[in-house]
Amino acid sequence: MAVLLNQHWDIRPGKAEVYSDFVMTHYNPALAKIGIKLVGGYYVTVGMGPRIIAVGLAENMSDLEEALASSAFEEITDRLMEYVTHYHSKILTSTGRVKTDGYKVQTGLWKFHQYWNIAPGVDKAHYADFITREFVPGLEKSGLKVSAAWRVVVGSGPYILGECSAANLVDLARAIENDEYRTVMRKLLGEYVVDYHSRILAPTGRVDLPIFLKEMMAQF
């Protein structure tokens with residue numbers, strides 16, 4: 001089962017240019033070498049910080065544990081701290097409530113992340129039924145592509161992450177102003193969850209752009 005490593009940070013003042021070079025030239029390749037595949041780099045445009053979210057993927061928990069315990073990860077993380085602040089990380093696994101045909105880089109897409117905890121006393125079977133039969137279809141009808149649903153197994157809460165994507169900010173804004181979206185959100189917040197918040201994420205290009213260029217050049 002795929003496992004995500006989400007790392008959150010802000011860029012230190014005055015370090016933006018050298019940070020970008022470090023991430024592209026050293027950090028991303030180092031994580032790939034130890035078995036953590038970078039599948040997304042995002043900037044939080046709306047919502048709580050830190051502002052940068054780096055999303056890494058491992059095939060299973062054992063592989064991720066081995067990578068995190070390696071001296072190579074310790075070394076590259078120490079170097080990262082020279083350029084960033086407010087660092088924290090989370091490990092997530094799929095909830096199984098959203099079908100995904102493999103999780104991979106989605107080039108150029110904006111993300112809409114929703115975070116929550118299941119409300120105390122809520123029947124888990126009723127909650128699961130609502131998510132699969134009403135909530136996910138409602139988001140899809142509003143114009144959002146539901147990419148995945150994750151559960152935080154290591155790190156701070158809220159402990160559920162719903163991940164949606166859209167081609168651009170305009171499409172995302174239209175979707176969350178849609179009546180279908182408002183209807184399912186009222187039910188979610190009114191009956192099933194607490195500690196809700198959301199973020200709108202823009203792609204930084206530091207992960208998906210090199211892959212996009214590589215794929216484009218392969219066509220020539």
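Scope of the values below: all heavy atoms of this structure, side chains included, with no hydrogens, waters or symmetry mates. Because the structure is predicted, anything quoted here is derived from the model rather than measured.
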Angle class for the [X]/[Y] ring planes (parallel below 30°, perpendicular above 60°, tilted otherwise)?
X: W116; Y: Y196; value: parallel
X: H8; Y: H88; value: parallel
X: Y192; Y: F130; value: parallel

CA sep, side-chain torsions, deciding dist, call: E191, R186, salt bridge (Lys or Arg N to Asp or Glu O under 4.0 Å): CA-CA 8 Å; E191 301 182 25; R186 278 196 296 268; over 6 Å; no

Residue pair D21 / E17, side-chain heavy-atom distance below 4.5 Å: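 A side-chain contact under 4.5 Å is absent here.
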
To the nearest 0.5 Å, what is the distance between CE (M61) and OG1 (T93)?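 Rounded to the nearest 0.5 Å, the CE-OG1 separation comes to 6.0 Å.
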
Out of curiosity, I200 CD1 to K111 NZ, how far, rounded to the nearest 0.5 Å? 13.5 Å

Are [X] and [Y] connected, step by step, through hydrophobic side chains (Ile, Leu, Val, Met, Phe, Trp, Tyr) whose heavy atoms are closer than 4.5 Å?
X: V136; Y: L189; value: yes
X: M48; Y: Y159; value: no
X: F112; Y: L169; value: yes
X: M81; Y: Y19; value: yes
X: I76; Y: V18; value: yes

Verify, without hydrogens or angle tests, whether R12 (side chain) and V84 (backbone) share a donor-acceptor contact under 3.5 angstrom. yes

Can any side-chain N or O of S20 pair as donor or acceptor with the backbone N or O of A16 at less than 3.5 Å? no

Identify whether NZ of Lys or CZ of Arg in R199 sits under 6.0 Å from the centre of the six-membered ring of Y115 and within 45° of that ring's axis.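 Yes, R199 and Y115 form such a contact.
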
Passing option when W150 is tested against V3, N6, L92 for side-chain contact (heavy atoms from CB on, under 4.5 Å):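 Answer to the side-chain contact (heavy atoms from CB on, under 4.5 Å) test with W150 among V3, N6, L92: L92.
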
Tell me which one of L172, L144, I176 satisfies side-chain contact (heavy atoms from CB on, under 4.5 Å) with C164. L144

Do you know the tightest heavy-atom contact between G56 and I36?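 Result for this residue pair: CA-CG2, 3.8 Å.
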
Is there any salt bridge (Lys or Arg N to Asp or Glu O under 4.0 Å) pair reaching into residues 125-137, and which pairs are they, with sequence neighbours excluded? D129-R133, E134-K187

